[in-house]
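What follows is one structure encoded as structure tokens, with my remarks underneath.
Lettering follows sequence order; numbering is per chain, from 1.
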Amino acid sequence: MPELPEAERARALIEARALDRTIVAVDDADTYVCRPHAPGEIAAALTGHKLTTAHRRGKTLWVETGGPVLGLHLGMAGRFVVNSPPAPRGWDRFALEFEGGGRLALRDKRRLSRAVLDPDLSRLGPDAAEATRAQFRERIGRGSAPVKARLLDQKAIAGVGNLLADETLWRAGIDPRRSVGELDLDELDGLRRSLRAATRDAVRHGGVHTGKMIRERRRGGHCPRCGATLERATVGGRTTFWCPRDQPAG
DNA sequence: AGGTCTGTTCAGCT
DNA sequence: TAGCTGAACAGACC
């Protein structure tokens with residue numbers, strides 16, 4: 001599932017394989033993925049330009065061209081492929097073709113990825129792996145939401161999805177249902193350290209599914225640290241697993 | 001074949 | 001205003 005680590009790998013792929021090449025054609029025919037643009041709008045804006053730099057904050061990517069900015073999001077099942085033959089069944093939801101051959105496609109069996117001109121980043125919090133201790137205390141520690149719900153809030157901090165949230169809370173030893181308001185500063189700082197470590201490991205190892213706890217994250221799975229059977233419930237509207245022994249209720 | 005689950009975002013509630 | 005719910009998408013799985 002694309003979360004911050006997958007988005008970072010996607011950004012690096014674009015940077016390595018798709019910069020500085022003249023765009024000669026754009027497939028923006030999917031009006032859901034490219035909403036609110038009409039077919040041809042993104043094509044008209046980008047054709048003739050080159051991608052110059054690839055950026056990311058949280059799960060949101062954007063690419064500069066010298067002209068318009070192209071925003072990209074992987075949604076729940078999206079990934080980028082370079083120079084692959086077109087996918088069957090319209091699974092390539094958006095694509096750029098480059099002069100002299102070469103193609104960058106946004107491949108997504110579902111249809112929740114996005115491509116949009118001049119993306120609005122104003123409602124996005126600081127990147128989850130970059131947030132300072134002061135920012136983290138302020139943006140995560142205030143209010144009354146369950147801590148997991150707050151970690152998932154992209155305007156609080158950007159980049160944490162369901163799996164990375166579970167892995168982070170497990171590393172920090174914090175029950176996902178606890179209210180952010182009752183976390184002390186040591187717990188908030190520890191949570192930030194766990195988030196940075198979990199994110200770094202996931203980027204290095206190839207994605208959030210490589211997390212220590214994520215591999216046991218299923219009904220009847222066991223805590224990799226103490227062996228207790230993992231608990232399961234809905235928290236913040238999302239399926240949540242945690243260790244009842246290592247992540248004690250507040 | 002049909003029902004449930006998956007995850008992210010956003011509109012629309014309380 | 002903060003927090004919660006459901007809709008949107010479409011495929012995987014039972």
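Nearest nucleotide to the A:Ser144 side chain, out of B:dT8, B:dT6, C:dG3: C:dG3. Residue A:Lys59 places its side chain closer to B:dT8 than to any other of C:dA10, C:dA2, B:dT8. Closest to the side chain of A:Arg93, out of B:dT8, C:dA10, C:dG3, is C:dA10.
Spacing between atom NZ of A:Lys155 and atom P of B:dT9 amounts to 11 Å, rounded to whole angstrom units. Put simply, CZ on A:Arg110 is 13 Å from C1' on B:dT9, counting in whole angstrom units. Rounded to whole angstrom, the span from the CZ atom of A:Arg111 across to the C1' atom of B:dT6 amounts to 19 Å. Atoms CZ (A:Arg232) and C1' (B:dT4) sit 11 Å apart, rounded to a whole Å. B:dT9 atom P lies 12 Å from atom OH of A:Tyr32, rounded to whole Å. Spacing between atom CG of A:Asn162 and atom P of B:dC5 amounts to 15 Å, rounded to whole angstrom units. Separating the NZ atom of A:Lys109 from the C1' atom of B:dT6 is a distance of 14 Å, rounded to the nearest angstrom. The interatomic distance linking A:Lys148 (NZ) with C:dC4 (C1') rounds to 15 Å, in whole Å.
Between A:Asp27 and A:Arg93, none of the side-chain N atoms (NZ, or NE/NH1/NH2) sits under 4.0 Å from a carboxylate O, so this pair counts as no salt bridge. A salt bridge links A:Arg178 and A:Glu187; the closest N-O separation between the charged side-chain nitrogens and carboxylate oxygens is under 4.0 Å. Using a 4.0 Å cut-off between charged side-chain N and carboxylate O, A:Arg79 and A:Asp108 make no salt bridge. Using a 4.0 Å cut-off between charged nitrogen and carboxylate oxygen, A:Asp246 and A:Arg225 count as a salt-bridge pair. Between A:Arg57 and A:Asp127, no side-chain nitrogen of the basic residue sits less than 4.0 Å from a carboxylate oxygen of the acidic one, so the salt-bridge criterion is not met.
Across all strands, A:Gly237 comes closer than 4.0 Å to no nucleic acid atom at all (heavy-atom distances).
Both A:Met76 and A:Arg123 lie near DNA chain B, and the one whose nearest nucleotide falls closer to the 5' end is A:Met76.
Phosphate contact (OP1/OP2 of C:dG3, side-chain N/O of A:Arg150, threshold under 4.0 Å): present. When the side-chain nitrogen and oxygen atoms of A:Arg89 are compared with OP1 and OP2 of C:dG11, one or more of them lie within a distance under 4.0 Å. For A:His73, a side-chain nitrogen or oxygen approaches OP1 or OP2 of B:dT9 to under 4.0 Å. Between A:Trp91 and C:dA10 there is no side-chain polar atom (N or O) within less than 4.0 angstrom of OP1 or OP2.
In this model, no side-chain donor or acceptor of A:Arg238 finds a partner on the base of B:dT8 within 3.5 Å.
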